[in-house]
Protein chains: 2
Amino acid sequence: MAAFEALCRREGLALTVQRRGIMEVLARRTDHPTADQIYEEVAPRLPGVSRTTVYRVLDTLVRIGAVRRASHLGAAARFDPNTARHHHLVCLECDKVVDLDDVPVAVPPLPARRRAGFDVVDYAVDFRGTCPACRKRRASG
Amino acid sequence: MAAFEALCRREGLALTVQRRGIMEVLARRTDHPTADQIYEEVAPRLPGVSRTTVYRVLDTLVRIGAVRRASHLGAAARFDPNTARHHHLVCLECDKVVDLDDVPVAVPPLPARRRAGFDVVDYAVDFRGTCPACRKRRASG
DNA sequence: CTCCGTGCAAAAGGTTTGCACTGGT
DNA sequence: ACCAGTGCAAACCTTTTGCACGGAG
């Protein structure tokens with residue numbers, strides 16, 4: 001939390017009660033709350049806070065690297081005709097997703113004591129980085 | 001495509017032009033189109049087709065196992081205060097996501113020739129399966 | 001001929017935007 | 001005091017639902 005305040009100062013961002021409150025909620029929770037869940041938890045402590053602010057603060061937190069979006073696959077649902085196990089290349093800048101067909105990736109089995117009671121039947125690996133188009137765009141821009 | 005028609009017959013589903021057209025688009029594309037992108041591509045071939053139908057057909061295709069949803073993280077965006085590399089346990093039934101903090105998973109580096117020009121800087125592994133609550137619910141129900 | 005599947009329209013989330021005001025710095 | 005940050009309302013985008021019609025089996 002102190003690190004967060006330092007980060008804000010370094011970025012020249014105002015330390016508002018809203019930002020502090022939302023960051024506190026995020027820092028405490030170990031699940032991956034939605035914007036609305038964060039709003040519900042923050043609203044009693046910050047009377048009059050709006051959902052708009054929650055969305056805007058979350059954008060800011062993502063931009064300065066204080067939190068992550070849990071999925072990099074974009075907002076809208078995407079569909080994949082390939083039902084076999086396969087992995088993905090994901091561009092962190094434009095959310096483009098490319099299949100890695102026929103590229104087996106050996107992931108060691110998760111030890112039973114780390115599975116939190118889940119029956120694990122499969123896995124998928126997202127390799128994250130920058131796609132050729134975004135790299136080029138950044139180099140020229 | 002022939003396999004898809006056989007699958008429909010086996011499931012007792014009518015082979016409508018809409019289902020065939022949407023499945024053809026999905027089978028041809030190697031990216032992960034959104035419902036709207038599929039609609040845009042299918043609309044000229046199926047005059048008068050509605051977005052509603054695209055959504056309903058996609059649901060059907062997922063149900064019979066002809067396609068997959070590319071993300072299992074649910075509709076709403078989720079936020080994660082943990083910006084360090086970590087992996088996830090994902091329930092395929094209720095979309096619950098649990099962090100695997102401090103559980104390193106060794107994934108071999110992707111050979112350069114499989115990277116499709118991406119600069120890969122990180123990776124994340126989603127372990128997929130059934131969470132304890134859903135397993136219990138299924139056992140009792 | 002019988003329903004399943006579709007189209008339309010409207011509703012239901014989730015998220016973003018325009019504008020005026022307020023609170024940090 | 002200035003301007004970034006906020007609140008409100010309305011718009012926007014994606015997805016779902018109710019109802020009536022039409023075509024596949």
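Within every chain, numbering begins at 1; the chains are lettered A, B, ... in the order of the sequence lines, protein sequences first and strands thereafter. Source: prediction; values computed, not measured.
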**Q.** Closest listed nucleotide, where the reference is the side chain of A:Y55 and the choices are D:dT17, C:dT15, C:dT6
**A.** C:dT15

Q.
Donor-acceptor check, side chain of B:S140 to backbone of B:K136, threshold 3.5 angstrom: yes or no?
A. yes

Q) Atom CD of A:E11 to atom P of D:dG5: distance rounded to whole Å? A) 11 Å

Q: Classify the side-chain pair A:D99/A:H87 by whether it contains a donor and acceptor separated by less than 3.5 Å.
A: no

Q. 5'-most contact on DNA chain C: B:R19 or B:T52, nearest heavy atom basis?
A. B:R19

(Q) By the salt bridge (charged side-chain N to carboxylate O under 4.0 Å, His left out) test, which pairs, at least two apart or in different chains, include something from residues 101-121 of chain B? (A) A:R135-B:D119

(Q) Quick check: on DNA chain D, is the nucleotide nearest B:D59 upstream (toward 5') of the one nearest A:L46, or the reverse? Name the residue that is more 5'. (A) A:L46

(Q) Please classify the nucleic acid contact of B:G48 as base, sugar-phosphate, or nothing, using heavy-atom distances under 4.0 Å. (A) sugar-phosphate

Q) According to a strict under-4.0 Å criterion, is B:S50 in side-chain N/O contact with OP1 or OP2 of C:dT6? A) no

(Q) What is the separation between atom CD1 on A:I64 and atom C1' on D:dA4, rounded to the nearest whole Å? (A) 14 Å

Q | Charged N-O contact under 4.0 Å between B:D80 and A:R69 | A | no

Q. Within the structure, does a side-chain N or O atom of B:Q18 lie under 4.0 Å from either OP1 or OP2 of C:dG7?
A. yes

Q. In whole Å, what is the span from the OH atom of A:Y39 to the P atom of C:dG13?
A. 16 Å

Q: Go along nucleotides 19-25 of chain C 5' to 3' and tag each nucleotide: B for a protein heavy atom under 4.0 Å from its base, S when only backbone or sugar atoms are that close, - otherwise.
A: -----SS

Q) Should B:V90 and A:L110 be counted in the same cluster of Ile, Leu, Val, Met, Phe, Trp and Tyr side chains packed under 4.5 Å apart? A) no

Q: Let me know the distance between CZ of A:R51 and P of C:dT17, rounded to the nearest Å.
A: 18 Å

Q: Could you tell me the separation between the CZ atom of B:R9 and the C1' atom of C:dC4, rounded to a whole number of Å?
A: 17 Å

Q) Taking CG from A:D36 and P from C:dT16, how many angstroms apart are they, rounded to a whole number? A) 14 Å

Q: Tell me whether the guanidinium CZ or amine NZ of B:R85 lies under 6.0 angstrom from the six-membered ring centre of B:Y123 and within 45° of its axis.
A: yes

**Q.** Expected output: side-chain A:R19 to main-chain A:A14 donor-acceptor under 3.5 Å
**A.** yes

